[in-house]
Amino acid sequence: MTAAPADPASCAEPPVVLRLAGCSKTYPGSPPVHALRSADLTVRAGDYLTVVGPSGSGKSTLLNLLGLLDRPTAGTFTLAGVDVAGLPERERTALRGRRIGFVFQEFHLLPYRTARENVALAQLYVTGRAADRDRAATDALERVGLGHRLHALPTTLSGGERQRVAIARALVNEPDLLLCDEPTGNLDSGTATTVMDLLGRLNAAGVTVVVITHDPAVAARARRRVTILDGRILVPDEHRGVRAAGPPTAGKAGAP
Amino acid sequence: MSALLPRRAGTRALTTAPTRLHARDLLAEALTGLVQRPGRSTLTMLGTVLGVWAFVAVLGLTSTATGQITKSFSLLEETTVTVTDASPGSTSATSFPADTDARLKRLNGVVSGGLWWTVPVRDRIISPRPDVTSADAEAQGSGIGVYAASPGALRAMRPTLSTGTLYGTFHQSRGERVCLLGISAARLLGISRLDGSPAVFVDGTSYSVVGIVADTERLPQTLLGVVIPTTTALRAYGAPTDAPAQALIQTRPGAAQLVARQAPLALRPDQPDLMKATPPPDPHGLRDQVNTDLSGLFLVLAVICLVVGAFGIANTTLVAVLERRAEIGLRRALGARPRHITAQFLTESTALGTLGGLIGTCLGVGTVLGTALARDWTAVLQPAAVLPAPLVGTVTGLLAGLYPALRAARTEPLTALRR
C-alpha cells in the first residue's frame with residue numbers, strides 16, 4: 001500500500017470508468033415522470049464521488065442506471081469503454097457481476113451463511129472453482145479487517161461488521177466501480193464513521209467509489225460531490241482539499 | 001497490494017464473458033437452501049411423501065394379496081411346480097443337470113425341489129429276502145413300484161415318517177444303496193420296524209431301509225413303492241425310460257408363478273427351452289377381477305395425495321420466492337441471470353420432490369413388508385412399480401416448482417433490494 005496512486009494528476013488522465021452523456025429516464029404515464037433529465041457525469045479510475053439528494057430527487061433512478069439494472073430512455077452510458085445502453089441483457093448482467101460491486105443499506109447478507117460464504121457468493125456466477133472462491137473471499141475479508149471472523153454467521157456480527165462483510169463481497173471480484181447505496185443508513189454514527197473510513201482507505205488504495213446518499217455528513221467524506229435534485233445533476237458544489245489534484249470537472253449539469 | 005488496484009479500464013476487451021452457473025454449484029446452492037431450513041423442507045415434502053407412500057403401498061399390497069390366493073384355495077396345489085424334460089425324442093438321457101437340487105434351492109421362493117422318476121426295473125422282483133423266485137414275488141410284492149428321488153424331491157413330497165429317517169445328501173452323493181418304504185409297500189413286505197436293520201431286495205440287489213413313510217402330500221404313489229436315491233438308481237438301472245424324469249418343487253405361498261418362470265433358466269441357462277415348467281393354474285385372473293375395484297380406488301387416492309403434495313411444494317416454493325426476494329435481487333446484482341434464478345428454485349423443488357419420493361417409497365415398501373410379516377404372507381413387490389416411484393416424486397417437484405421458479409426470475413433486482 002506504499003505505492004499509493006494518491007495523486008491522479010501525476011498521470012495525465014486516469015482512464016474513464018463510466019460516463020453518462022445526456023442520459024434521461026422518463027417513466028411513461030400521464031403526465032410522464034421525468035426521473036432523470038439529461039444527466040452528464042464522468043467518473044475516472046480512482047475517483048471518490050458522492051451523489052447527494054433528498055428522497056424523490058432521482059437517486060434511485062441514477063443508481064438503477066449506474067448499476068445496469070435499468071436502461072436510460074435517452075443519451076449514452078459507457079462503462080469501462082463499452083456503450084452499455086444498447087447491450088443485450090446477458091452482457092449487461094455479466095458486466096454487472098464482474099465490473100460493479102454493490103453495497104446496500106440493508107447489507108443483504110444471507111442469514112444462514114458464514115461471512116466467507118456470503119463473500120464467496122459474489123463469485124458464484126463468475127468462477128466455477130470453489131477453492132478459488134474461498135481463497136478470494138478470505139483475501140477480501142482480510143482487506144476489510146475481518147480476517148478473524150471468516151466463519152461467523154451474520155447474526156453474530158455487529159452492524160458495522162456486517163456492512164464490512166458486504167463491502168468485502170463487493171470487492172471480491174475486483175470491480176471497476178464500488179457502487180454504494182446509503183451504506184451507513186442502518187448504522188449508528190460511530191459505526192458509520194468506521195465504514196466510511198474503510199471506504200476512504202479503499203479509495204486511497206485505488207478503488208473507484210461512488211456513494212449515493214441523502215446524508216450530508218457521509219457526502220462530506222468524498223473527494224467530489226454532486227447534488228441531484230428533481231432529476232437534474234447540479235454543479236459540483238465543492239471540491240474540498242483536493243481541488244487541484246481532483247479529476248477533471250465532470251458532469252456539467254444541464255441547468256435550465 | 002496489486003489486488004487493491006482496479007484493473008485498468010482501457011485495457012479491457014469490449015465484450016465480457018457471460019456469467020454462468022456450473023451444475024455442481026447449482027446443486028450445492030439448492031441443497032444448501034434446503035438444508036438451512038430443515039423444518040420447512042420436511043413440511044414441504046410431506047405431501048409428496050404421503051402420495052408416493054400410498055402409491056407404493058397400494059401397488060405392493062395388491063400384488064402381495066394377489067399372491068396369497070393360495071390361502072383361500074388349495075395351499076398344496078398352489079405351491080407345487082413341476083418341471084418336465086421337454087427335449088424332443090430323447091427318452092434315454094435326461095436333460096436335467098446333476099446339481100438340480102442345488103440350482104432349484106438357490107431360487108427365491110423355493111422351499112425345496114429335486115428330481116424324481118420311475119425306475120425301469122427289469123423283473124420287478126421285490127422282496128424282503130434275497131432268494132425269491134418270481135412266483136413267490138407275485139404273491140408278496142406285486143404292484144410295488146420303484147422310484148428314484150433326490151433328497152430335495154423327497155422333502156418336496158412333504159412325507160410323514162412312521163419310523164426312521166429320510167435319506168440325505170450323503171447317501172445321494174455316494175450312491176448308497178438305501179431306500180425308503182411307503183407304508184403300503186412295507187405292510188406287503190412285512191416290514192414294520194427298523195431295529196433289525198431290514199433290507200429290501202430289488203431284483204436281487206439289497207437296499208437298506210432307512211425309513212418308512214406313513215403319509216405324503218405329493219407323489220402319493222410312493223406309498224406303495226420303494227424310493228431310492230437318484231444316483232443309486234442311475235448307477236444300477238440307468239436313465240429313466242418308461243416315464244421321463246421330472247423335477248418336483250415346493251414353493252412358498254404365492255411364489256409358484258415366479259418360480260415357474262425362473263426354474264427353466266436356472267436349470268438349463270444354456271437351453272432353457274429343454275425344460276417345461278408347469279405352474280399351478282394362475283390365480284391372478286380371478287383375484288385381479290376381485291381386486292380391481294378396490295385397488296383402483298386406492299390408486300386414485302394416491303394420485304390425489306400426489307396432486308396435493310405438488311400443490312404443497314408449489315405453495316411453499318412460491319412463499320419462499322416472495323420471502324427471498326432480497327436474496328434473488330442480490331443474486332441478480334451479483335451477476336445471476338434470470339435463468340440461473342429459475343434453475344436454482346427449480347432444482348430446490350425437484351430435490352425436495354425426489355427426497356420426498358425416496359422417503360415415500362421406503363415407507364411404502366416398509367408397509368408392504370410389515371403387513372406381509374404380520375399376516376405371514378410372502379411380500380411381492382413389482383420392480384416396475386417400486387423403482388420408478390421416487391421418480392414420481394421428482395416429476396411432482398419439477399412440475400410444482402415451475403411457476404414459482406419462473407416468477408422468481410422476473411423479480412426486479414433493485415425494488416427487491418431497496419424494499
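The chains referred to below are lettered A, B, ... by the order of the sequence lines, with proteins before strands, and numbering in each begins at 1.
Between chain B and the options A/A140, A/A122, A/G101, the largest number of non-hydrogen pairs under 4.5 Å is found for A/A122. When A/G67, A/G128, A/A130, A/A170 are compared by the number of non-hydrogen pairs under 4.5 Å with chain B, A/G128 comes out ahead. Interface check for chain B: of the options A/N64, A/I100, A/L69, the most heavy-atom pairs under 4.5 Å are formed by A/N64. Of the listed residues B/R24, B/R332, B/Q36, B/R20, the one with more heavy-atom pairs under 4.5 angstrom with chain A than any other is B/Q36. Per-residue heavy-atom pair counts under 4.5 Å with chain A were compared for B/L26, B/D25, B/T32, and the maximum is reached by B/D25.
A/Y125 and B/R331 are linked by a side-chain donor-acceptor pair at a separation below 3.5 angstrom, with hydrogens and angles left out of the test.
Counting non-hydrogen atoms of neighbouring residues, nucleotides and ligands closer than 6.0 angstrom, the CZ atom of A/R129 reaches no more than 12 such neighbours. Residue-environment remark: CG (A/D197) exceeds the threshold of 12 foreign heavy atoms within 6.0 Å.
For a residue to count as touching a neighbouring chain, one of its non-hydrogen atoms must lie under 4.5 Å from one of that chain's; by this rule A/Y112 touches chain B with backbone and side chain alike. Contacts of A/L121 with chain B are made by both backbone and side-chain atoms, with heavy-atom separations under 4.5 Å. Contact of A/R92 with chain B is not made at all, since no heavy-atom distance falls under 4.5 Å.
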Full working for side chain to side chain contact (heavy atoms under 4.5 Å, CB included) between B/T19 and A/R96: CA-CA 10 Å; B/T19 47; A/R96 192 192 306 143; over 6 Å; no
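Using a 4.0 Å cut-off between a side-chain N of Lys or Arg and a carboxylate O of Asp or Glu, B/R337 and A/E91 do not qualify as a salt bridge.
Nearest approach of A/T93 to B/G335, heavy atoms of both residues: CG2-O, 3.3 Å.
One N or O on the side chain of A/R98 and one on the backbone of B/P18 form a donor-acceptor pair closer than 3.5 Å.
Distance check: B/L334 CG to A/L124 CG gives 9.0 Å after rounding to the nearest 0.5 Å. In this structure, B/E327 CD and A/L109 CG are separated by 11.5 Å, a value rounded to the nearest 0.5 Å.
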